Peer 1: 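Quick one: the structure is below, and I'll ask about it shortly.
Naming: A, B, ... by sequence-line order, numbering from 1 per chain. None of these values were measured; they are calculated from a predicted model. Hydrogens, waters and symmetry mates are skipped; everything else that's a heavy atom, side chains included, is used.
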Amino acid sequence: MPAERISDALRQAAGEFGAADVRFRLDRPKDTDHGDLASNVALALSSRLRRAPREIALELRARLEGIRGVDRIEIAGPGFLNFFLEESAVGRVLHEIQQADLAYGRNSGGRGREIMVEFVSANPTGPLHLGHGRQAALGDAIASLLEWSAWRVHREFYFNDAGAQIERLAASVRVRYQQLLGHEAVVPEGGYHGAYVVDIARSFRDKVGDRYENDDSDAAMDAMRRHAVGALRAEQERDLAEFGVRFDEYYPETRLYTDGRVAATIQDLDNTGLTYVKDGAAWLRTTAFGDQKDRVMVKSDGSPTYFLPDVAYHMSKWDRGFREVVNVQGSDHHGTVDRVRAGLQALGRPAGYPEYVLHQMVTVEQGGEEVRFSKRAGSYMTLAELVEEVGADVARYFFLMRRPEAHLTFDLDLALDESDKNPVYKVKYAHARVCRLFELARERGWARPRDADTGPLDSRLERELINRLREFPDFLRRAAAARAPHVVCDYLERTAGLVNSWYQTGHPTRSPERAVLVADERLRNARLTLADAARIVLRNGLAVLGLEAPERMVRL
RNA sequence: GCGCCCGUAGCUCAGCUGGAUAGAGCAUCGGCCUUCUAAGCCGAGGGUCCCAGGUUCGAGUCCUGGCGGGCGUGCCA
C-alpha cells in the first residue's frame, strides 16, 4: 500500500534529521484539495529542530522523491506535506479490496492472543432491561472488533445465582405461589413485583403442584430458588439469542464457593499481611493500592461481602490464562473498579487488570417524551420489548452509535422510521442499492469485473469515496484499540452517505453519462469495480457490528 | 465533602496521538423523479466548542481553577 511506503519514507527522512522517534501523522485530509494523504511531520519536527516548519517540509520533500505510487507532493498551510497518489495507485486499492473480500478490514494486531470480554452479567432476578441491551451490543461488538484484529476472544457472562437478591426473588415467587394456591400473602419489602414473578410461580406450581403449600423450609425455598433462577436464565438466554448475542461461557457465582476459590482467596489475601480485623470484620488494606478506603472482605456475621467473590472471580480469569480481560459494565458500578483491582494487586496481579469499559444508562424517548413503560418488568422497558418493537438490528445499532461513556437517548420515532433518516436503514440501503446494480448487470450479461482499469474514476466524489474505502482497516484498528464500536457506526454512516451521493449523481434520470450501467465497457467496469468495493466495505462493516447486510430491501 | 464521567448547531451526537476553514443526522427553508430503488440526491441558513486562566508555532482536544448535569462514595448487590 502506498500509505505504508510513504510512512516508512517519512520515518527514514526524519531519521536523517536526527529525529527518528518523532511522532507524526499520515492520514487522509478532510479536503480532497489537500491530496490523498497528508502528514504533519514537518510541524512535528519544527519544535524539535527549532526551525520553521515550511523550511523543513521543503527539505523533506527533496528526500522523498520517487516513492512508488506517489504522483506529487505539495507543501501547504503551516507546513503540511500533501501527497497526491498516481491514478493507478488509487485504483489499485479497489483491486485489493476485491481480492481481500470477506477479509477486507482485518488486521493482525492481536497476533492470535487470547482475550476475554465479560459483559451483560445480569443477575437472574428479572428480564434483561435496556441497560443490559446496550451492554450486550457493546460487549459483542467489542469482541467482534477484537476478532477482526486477530484476537482469540472468549465471551463470558457472570451471574450471581446466590445471595440476598436471589433470596428476595425466591421469597417473592413463594408469595405468588401461595396466592395461586388461594392463600393470602404479600410481596415482602424489597421483593420483586414484576408480572414475570407470577409467571414463574405458575410454572413452578405446574411442576410441583401443592407440594410446598405453606412450606417455608429450606428445602422448599431451595426448590423455588432453583426454579426461579433456571426460568430467568432461560428467559435471558432467549432474549439474547433473539438479539443475536451468544456467549462461550456462563460463570455462576456459586461455582466460586463450591470449588473453594472464595476460601482460597481469603487465605491468599491473609498471607499477604494486608488484612486486619476491626469491629469484628475482616478488612483488606486496599488503600495500599490507591483505593479510597479499606474494604471489608468478611462481615462481622461471618458472611463474605460481594467484594470477595469478585476478587476470586477475577483470579479465576487470570488462572484460566487470560492476561487480557475487558469488563463491560454499567457506570453505576464504577465504584467497584478500584477495589477489585486493588484486591488483585494485593495478590500480585498487574495494576491495570482487568480493563473496564463503563457505559452510561439508556433512556427511551418517543414524541419528545420519556417512555418508562414495561408490562413485564413492572418498571422500565425490557430488551425483549424493544427488540419486538424495532427489530434486533436497529436496536443493536442504536445502542452502539454513541460513545459508551455518554448517556444514550434512544429515539423510538427515529428507530421506527424506515427511511434513510434512520442511520441503520441508510447504511443498509446503500448496500442494497449497490447490490442491485450487480443484479441488473447480470441480467444484461455483464459479469462482475476483476482487475478492471479504474482510470475513468476521476471525479472528485469518486476520488473521495475511494479514499474513504481505503481507510476502512484503519478505522477498525482504531475502534478495536479504543474499544469503541461507535467509531465504526460513524464510519459506516459517512461512507453510506458518499455511496448514496455517488449512486444518485449517476442516476440515469438526471445524468445518464454518469450512470454505472453504461454501454461503454471500460467506463462501466471501472464504476462497477468501485461499486463492488463499496459493497464489500459496507457489508464487512455491518458484519463487524453484528448486523445483516441485505442484498435487497423489500419495498413497502 | 471526595472520586469518576459528561458539557460542541434549535435537538441527538461525532471529532484519532494537539494540526489546515469545528463536522454528521434530525428539524427549518429552496431546488431535482419518462431511465440503476426519489426509502433518495443537491443547496442554504444555523457555533462565545460551559466560563476564566495557562502550556504551544498551533487547543474543541493537554494543564489549573470555577460553573452545570449524571453516577459512585455501606459490614447493600
Side-chain angles (χ1 to χ4, degrees), chain A residues 23-25 27 29-31 33-34 38-40 43-44 46-47 52-53 76-80 82 123 125 160 163-166 168 190 278-283 292-293 295-301 303-307 310 330-338 358-361 365 368 401-411 413-414 417-423 425-426 428-430 432-434 436-441 474-475 478-479 481-482 484 486-487 489-491 493-494 497 500-510 512 515-518 527 531 552-553 555-556:
Chain A
R23 288 153 71 93
F24 65 89
R25 297 174 56 156
D27 42 24
K30 280 175 263 183
D31 191 334
D33 288 341
H34 295 147
S39 179
N40 66 342
L43 298 160
S46 81
S47 59
F80 287 99
N82 293 338
N123 285 347
T125 53
N160 298 102
Q165 297 298 334
I166 298 291
R168 278 185 208 130
K278 191 179 86 179
D279 304 329
W283 297 67
Q292 283 193 278
K293 52 170 290 193
R295 305 295 169 178
V296 172
M297 307 184 301
V298 184
K299 300 183 228 174
S300 52
D301 67 2
S303 62
T305 62
Y306 62 93
F307 168 63
D310 272 359
S331 61
D332 53 335
H333 287 87
H334 82 250
T336 67
V337 172
D338 282 349
L358 301 176
H359 65 88
Q360 295 278 346
M361 290 299 131
E365 276 188 18
M401 68 185 180
R402 304 298 178 218
R403 294 149 65 222
E405 58 269 29
H407 173 87
L408 178 73
T409 304
F410 198 109
D411 183 343
D413 294 317
L414 184 60
D417 189 316
E418 296 190 353
S419 77
D420 285 29
K421 285 176 191 168
N422 183 333
Y425 282 84
K426 178 176 176 172
K428 290 190 176 213
Y429 274 115
R433 283 186 184 108
V434 167
R436 178 68 178 145
L437 290 175
F438 287 99
E439 205 175 305
L440 289 164
D474 280 340
F475 270 80
R478 216 173 72 211
H486 76 276
V487 167
C489 294
D490 208 52
Y491 174 86
E493 265 176 78
R494 286 164 198 268
N500 284 337
S501 292
W502 177 68
Y503 176 91
Q504 208 56 229
T505 56
H507 200 284
T509 309
R510 241 199 336 282
V516 173
L517 301 176
V518 290
R527 290 171 185 170
R552 211 162 176 173
M553 303 290 278
R555 199 169 211 170
L556 300 173

Peer 1: Considering only side-chain heavy atoms of A:His333, which listed nucleotide, B:A77, B:A20, B:U37, is closest?
Peer 2: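 So the side chain of A:His333 is nearest to B:A77.
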Peer 1: Would you tabulate the nitrogen or oxygen pairs shorter than 3.5 Å linking the protein to nucleotides 16-18 of chain B?
Peer 2:
residue	atom	partner	partner atom	Å
B:C16	O2	A:Arg478	NE	3.4
B:C16	O2	A:Arg478	NH1	2.7
B:C16	N3	A:Arg478	NH1	3.2

Peer 1: Return the set of residues passing side chain to side chain contact (heavy atoms under 4.5 Å, CB included) with A:Ala515 (not counting sequence neighbours), or none when no residue passes.
Peer 2: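 Scan of A:Ala515 (side chain to side chain contact (heavy atoms under 4.5 Å, CB included), adjacent residues dropped) gives A:Pro508, A:Val518.
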Peer 1: Side chain of A:Phe80, heavy atoms from C-beta onward: which of B:C41, B:G19, B:G74 has the nearest atom to it?
Peer 2: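 Nucleotide nearest to A:Phe80's side chain: B:G19.
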Peer 1: Salt bridge (charged side-chain N to carboxylate O under 4.0 Å, His left out) with A:Asp417: which residues, sequence neighbours excluded?
Peer 2: none
Peer 1: Applying side chain to side chain contact (heavy atoms under 4.5 Å, CB included), can you list everything that pairs with A:Arg168, at least two apart in sequence or on another chain?
Peer 2: A:Ala164, A:Gln165, A:Tyr192
Peer 1: Mind checking A:Ala38 for me? I need base, sugar-phosphate or nothing, with any heavy atom below 4.0 Å counting as a touch.
Peer 2: base
Peer 1: Nearest of B:G19, B:C13, B:C36 to any side-chain atom of A:Leu43?
Peer 2: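 Nearest to the side chain of A:Leu43 among the choices is B:G19.
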Peer 1: Inspect the contact between A:Asp301 and A:Lys299 and indicate whether a charged nitrogen and a carboxylate oxygen are less than 4.0 angstrom apart.
Peer 2: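 Answer for the salt bridge query: no.
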Peer 1: Between B:U37 and B:C50, how far is it from one P atom to the other, in whole Å?
Peer 2: 45 Å
Peer 1: With the criterion being N/O to N/O and under 3.5 Å, what pairs connect the protein with nucleotides 24-32 of chain B, and how long is each?
Peer 2:
residue	atom	partner	partner atom	Å
B:A27	OP1	A:Lys421	NZ	3.0

Peer 1: Partners of A:Phe307 by ring-ring contact (aromatic ring centres under 6.0 Å, His included), sequence neighbours excluded?
Peer 2: none
Peer 1: List the residues meeting side-chain hydrogen bond (donor to acceptor under 3.5 Å, both in side chains) with A:Arg402, not counting sequence neighbours, and say none if there are none.
Peer 2: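 Partners of A:Arg402 by the side-chain hydrogen bond (donor to acceptor under 3.5 Å, both in side chains) criterion come out as none, since no residue qualifies.
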Peer 1: Take atom C1' in B:C67 and the same atom in B:U48, then report the distance between them in whole Å.
Peer 2: 16 Å
Peer 1: Is B:C5 in the syn range, within 90° of 0, or in the anti range?
Peer 2: anti
Peer 1: Quick one: list whatever passes side-chain hydrogen bond (donor to acceptor under 3.5 Å, both in side chains) with A:Asp411, sequence neighbours left out.
Peer 2: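 Here no residue qualifies.
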Peer 1: With A:Thr409, which residues qualify under side-chain hydrogen bond (donor to acceptor under 3.5 Å, both in side chains), at least two apart?
Peer 2: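 Counting only residues at least two positions away or on another chain, A:Thr409 forms no side-chain hydrogen bond (donor to acceptor under 3.5 Å, both in side chains).
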Peer 1: Checking A:Tyr425 now: which residues fulfil ring-ring contact (aromatic ring centres under 6.0 Å, His included) with it, not counting sequence neighbours?
Peer 2: none
Peer 1: Salt bridge (charged side-chain N to carboxylate O under 4.0 Å, His left out) with A:Asp490: which residues, sequence neighbours excluded?
Peer 2: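 Only A:Arg494 meet the salt bridge (charged side-chain N to carboxylate O under 4.0 Å, His left out) criterion with A:Asp490.
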Peer 1: Below 3.5 Å is the cut-off: list the nitrogen or oxygen pairs between protein and nucleotides 1-3 of chain B, distance only.
Peer 2:
residue	atom	partner	partner atom	Å
B:C2	O2'	A:Gln292	NE2	3.1
B:G3	O4'	A:Gln292	NE2	3.4
B:G3	N2	A:His334	NE2	2.5

Peer 1: Using Watson-Crick or G-U wobble geometry with both distances under 3.5 Å, which nucleotide pairs with B:G65?
Peer 2: B:C51
